[in-house]
Amino acid sequence: MLHEFKSVVRLRSIPAIAVTLGAGAGDPGCKNGPAGFETRTDAALREQGLMLSWHRMPQQAEANLSPLDVVAGAGRWIAGLIRRFAAARERFLVIGGDHSCAIGTWSGAAVALRPAGALGLIWIDAHMDMHVPETTHSGAINGMPVAALLGHGAPQLTRIATTGPALDPRHVCVVGARSFEPEEVAFAERLGVRVIGMAEVERRGVTAVLAEARSIASQGTAAYGVSLDLDAFDPADAPGVGTPAPHGIRATDFVAPWAALTRDPACLGVEIVEYNPARDVAGRTARLMQSLVLSLDLSWAV
């Protein structure tokens, strides 16, 4: 009797942190982002030989807490976990959640890395996220994380894992910005943060601007991280976000340079945030996230 044997695919595992946080956003639906991503992509990822080893954020009793308190509490948990990964130089993947979770992610990484040197950060986003409470137009905390990481804003956010700024503005690069306020432009200019707006991305190409961003985040640092807000993409490719902005980065232009960026040995970790499953259309955003995760280097896996 003939028997058919299916080939056995050896699963490789990447540490993934599920950040169920929506308190920092105007639309809290991105709190369901990690669960929505896992539900829509787990089987497909496994078919490709990849398993995400999930670390899940404990649920907070949010009823009597302000959004600032919720974000700060989540940030402390994230920072503690990321600090352990970064200290061991074990690469990590964060799936959010709203972008305020980045305060915890990169504060924890910066503190762990400090004995070896500074942390660089590449921030890929339709928004600059450089507001402080005095300048915000919306009041949303997910419009403040870059400023907080640079040491400006509410003390509950700037002191999550360190008493001083987590990042030096010389080591930060924002890519893809196209929706922002004058106060953020003034903030970036005052601190000297390099912002590569969408018009420049279109003129020079994604590959060139990400290469420049990597150079900025690598020079004079011990490692760098990448924080990707899915609204950086054109809504045609990533409709499942809370604050879409037209004329964004096209997915077909992005995946290859993303792979080069995240496969650099200097890349310590990656964060993908603001997935809102309720706003996704035909699973397009989830499939894009799946492609980005599958592009991570094999050396990320254990």
Pairs of donor and acceptor atoms involving the side chains of residues 71-83, under 3.5 Å and at least two apart or interchain, shall be tabulated with distances.
none

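- For the pair Arg284 and Asp280, the salt-bridge criterion is not met [side-chain N within less than 4.0 Å of a carboxylate O].
- Although no hydrogens or angles enter the test, the distance criterion places no donor-acceptor pair under 3.5 Å between the side chain of Trp123 and the main chain of Leu228.
- Judged by distance alone, the side chains of Tyr275 and Asn32 never bring a donor and an acceptor atom under 3.5 Å apart.
- His99 has its side chain within reach of Glu271: a pair of non-hydrogen atoms, C-beta onward, lies under 4.5 Å apart.
- Asn142 and Ser100 share no side-chain donor-acceptor pair at under 3.5 Å.
- Within the 4.5 Å cutoff, the side chain of Ile14 has heavy atoms near those of the Leu296 side chain.
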For this session: Start with the C-alpha distance between Glu184 and His127, add both sets of side-chain angles, then the distance that settles side-chain hydrogen bond (donor to acceptor under 3.5 Å, both in side chains), and finish with yes or no.
Result: CA-CA 9 Å; Glu184 295 177 286; His127 308 90; over 6 Å; no
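- Phe92 and Trp106 have tilted rings, their planes meeting at an angle from 30° to 60° on a 0 to 90° scale.
- Val175 and Tyr224 fall within the same hydrophobic cluster, defined by Ile, Leu, Val, Met, Phe, Trp and Tyr side-chain heavy atoms under 4.5 Å apart, directly or through other members.
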Please list every donor-acceptor pair under 3.5 Å in which a side-chain atom of residues 149-167 meets a protein atom from a residue at least two apart or in another chain.
residue	atom	partner	partner atom	Å
Thr162	OG1	Arg114	NH1	3.1
Thr162	OG1	Gly164	N	3.3

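- Ile95 has its side chain out of reach of Val19: every pair of non-hydrogen atoms, C-beta onward, lies at least 4.5 Å apart.
- Of the N and O atoms on the side chains of Glu181 and His131, at least one donor lies less than 3.5 Å from an acceptor on the other residue.
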In a table with atom names and distances, give each donor-acceptor pair under 3.5 Å that connects a side chain of residues 246-255 to protein atoms at least two apart or in another chain.
residue	atom	partner	partner atom	Å
Arg250	NE	Asp237	OD2	2.7
Arg250	NH2	Asp237	OD1	3.1
Arg250	NH2	Asp237	OD2	3.4

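- Looking at heavy atoms from C-beta onward, Leu21 lies in side-chain contact with Val70 at the 4.5 angstrom threshold.
- Applying the side-chain contact (heavy atoms from CB on, under 4.5 Å) test between Met130 and each of Val185, Val174, Thr135 identifies Val174 as the sole match.
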